[in-house]
Amino acid sequence: MYNSKITGLGFFVPENVVTNDDLSKLMDTNDEWIQERTGIKERRHVVYGEDTTTTMGVKAAKIAIDRAGIKKDDIDFIIFATLSPDYYFPGPGVLVQRDLDIKTVGALDVRNQCSGFVYAISVGDQYIKSGMYKNILVIGSELHSHGLDMTTRGRGVSVIFGDGAGAAVLSREKDTSRGILSTHLHSEGQHAEELSLIAPGMGKRWVNDIIKDNDPNDESYFPYMNGQFVFKNAVVRFSEVIMEGLSANNLKPTDIDLLIPHQANLRISQFIQKQFGLRDDQVYNNIMKYGNTTAASIPIALTEAWEQGMIKSGDLVVLAAFGSGFTWGSVIIRW
Ligand code: UT7
């Protein structure tokens, strides 16, 4: 039996900065509303044609592989988490295998939205624990901006989301008191439609229906979020799943050195911080700069925190996410 540990981290965000004032030129919104409700000051949007979810993931992955001190052909498996794939199918995992020119390893796509990276890490952890693989490339990447309703009708959602990618290399660790100590995953599909993108899908509206109806008021192909309902569930589930992870390892909130919550809303992070009695330097937030990048938010934040020297060997690092599905989860790491 082995543990897995994160040996390399990388992230990529597009250069194009979109401020709240920029958005107020497209829709009826304003900097004050956005900052007050979400903490977001700006986000990055891909300029059309410059990048895709896959190419951003590849850029982040190259940095992570380099920092892990391995060669691309040492990667045994690829796991790619996203809700904004380049194609309906195949998923971006195989596109990464192609773009990185890696030998024909397996490539798995994870569809768990904001919890995608936590789910992906959990899957990778099991493969390494079982001895099946030595090095796994885990990517979270999103290109939201091309698919948002950039009019006043969509403002409740479109001001929140940004583009970017983060990646981690998970590697075999012989010392089972180090690395990933546990992962905990949950879902509650009863609330599936409360944060969702319904079309195109085989369930309710396929492309043919959209073309046939040609309805300018059709919102089914834009993301929908029941914001307040999601918010209320998020604060409860974040707390529960962090506590679940700590308790499973006989740890307490005071043992946490750094909490990296999925960047859904600065108010949610602040609520959790208060609940666990953590100082500002024990919770990493970057939603102010990047908005909510869904599956990419945790690996981007983790990489930034690591680059800033906020994570030292032996630290207890906690990752936690909540989002569409609903799905939620936590990862407890002894760095
Ligand atoms: O990452 C996945 C998980 N996601 C989350 O956890 C997000 C959870 N939810 C939230 O973060 C918040 O609910 C939002 C930030 C999305 C919205 O904040 P809110 O305080 O719940 O606002 P609201 O949706 O209740 O809207 C309040 C008002 C409405 O106007 P009326 O009906 O009071 O006149 C909205 O139409 O604010 C209006 N509004 C806006 N105004 C200016 C909605 N969006 C905007 C906007 N700019 N962008």
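Counting convention: from 1, in listed order, for ligands and their atoms alike.
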So for Gln263, does at least one of its heavy atoms come nearer than 4.0 angstrom to any atom of ligand 1? no
salt_bridge(Glu304, Lys289) N-O dist < 4.0 Å: yes
Any N or O on Thr38 sitting closer than 3.5 Å to an N or O of ligand 1? no
Quick check on contacts: which atoms of ligand 1 are under 4.0 angstrom from a heavy atom of Ile160? 16 (C)
Part of Gln113 within contact of ligand 1 (heavy atoms, under 4.0 Å): neither
Is Arg205 paired with Asp218 through a side-chain N to carboxylate O contact shorter than 4.0 Å? yes
Numbered atoms of ligand 1 (with element) below 4.0 Å of Cys114, judged on heavy atoms: 1 (O), 2 (C)
Ligand 1-proximal atoms of Met225, by part, heavy-atom distance under 4.0 Å: side chain
Nearest heavy-atom neighbours spanning Pro261 and Leu259: CD-O, 3.4 Å
Under-4.0 Å heavy-atom contact with ligand 1, by part of Val157 that carries it: neither
Geometric N/O contact Asn30 with ligand 1, under 3.5 angstrom: no
Any protein heavy atom sitting closer than 4.0 Å to atom 32 (O) of ligand 1? no
If two hydrophobic side chains count as joined below 4.5 Å and joins carry through other members, does Phe77 share a cluster with Val110? yes
Under-4.0 Å protein heavy-atom contact, atom 36 (O) of ligand 1: yes
Note: Asp22-Lys25 ion pair, threshold 4.0 Å (strictly below): yes
Could you tell me whether Ile34 approaches ligand 1 through its side chain, its backbone, both or neither, with non-hydrogen atoms closer than 4.0 Å? neither
Ignoring hydrogens and geometry beyond distance, is a side-chain donor-acceptor pair present between Thr54 and Asp86 at under 3.5 Å? yes
Could you report the tightest heavy-atom contact between Asp73 and Asp101, atom names first, then the distance? OD1-O, 4.1 Å
If the cut-off is 4.0 Å to any non-hydrogen atom of Gly156, which atoms of ligand 1 fall inside it? 16 (C), 44 (N)
For ligand 1, indicate whether the residue Phe231 contacts it via side chain, backbone, both or neither (heavy-atom separation under 4.0 Å). both
Between Ser324 and ligand 1, is there a nitrogen or oxygen pair with a distance under 3.5 Å? no
Could you tell me whether Asp66 and Lys62 have a side-chain N and a carboxylate O separated by less than 4.0 Å? no
Which of the atoms in ligand 1, numbered in the order shown and given with their element, are less than 4.0 Å from a heavy-atom of Asn265? 10 (C), 11 (O), 15 (C)
Thr294 and ligand 1 - part of the residue with a heavy-atom distance under 4.0 Å: neither
Side-chain donor-acceptor distances from residues 328-335 under 3.5 Å, at least two apart:
| residue | atom | partner | partner atom | Å |
| --- | --- | --- | --- | --- |
| Ser330 | OG | Val241 | O | 2.8 |
| Arg334 | NH1 | Gly314 | O | 3.0 |

Ion pair Asp74/Lys71, N-O distance below 4.0 Å: no
For Phe11 versus Ile63, what's the shortest heavy-atom pair and its separation? O-CD1, 3.7 Å
Is atom 24 (O) of ligand 1 less than 4.0 angstrom from at least one protein heavy atom? no
Using protein heavy atoms only, decide if any is under 4.0 Å from atom 44 (N) of ligand 1. yes
Give the atom numbers and elements of ligand 1 that come within less than 4.0 Å of a heavy atom of Asn292. 1 (O), 2 (C)
Taking only non-hydrogen atoms of Ile268 and a 4.0 Å limit, the atoms of ligand 1 in range are 6 (O)
Have a look at Thr294 and tell me which of Gln263, His144, His262, Gln113 forms a side-chain hydrogen bond (donor to acceptor under 3.5 Å, both in side chains) with it. His144
Are any of the side-chain nitrogens in Glu173 or Lys129 under 4.0 Å away from the carboxylate oxygens of its partner? no
Consider ligand 1: state whether an atom of it lies below 4.0 angstrom from any non-hydrogen atom of Leu23. no
Geometry only, no angles: is Gly227 polar-contacting ligand 1 at N/O separations under 3.5 Å? yes
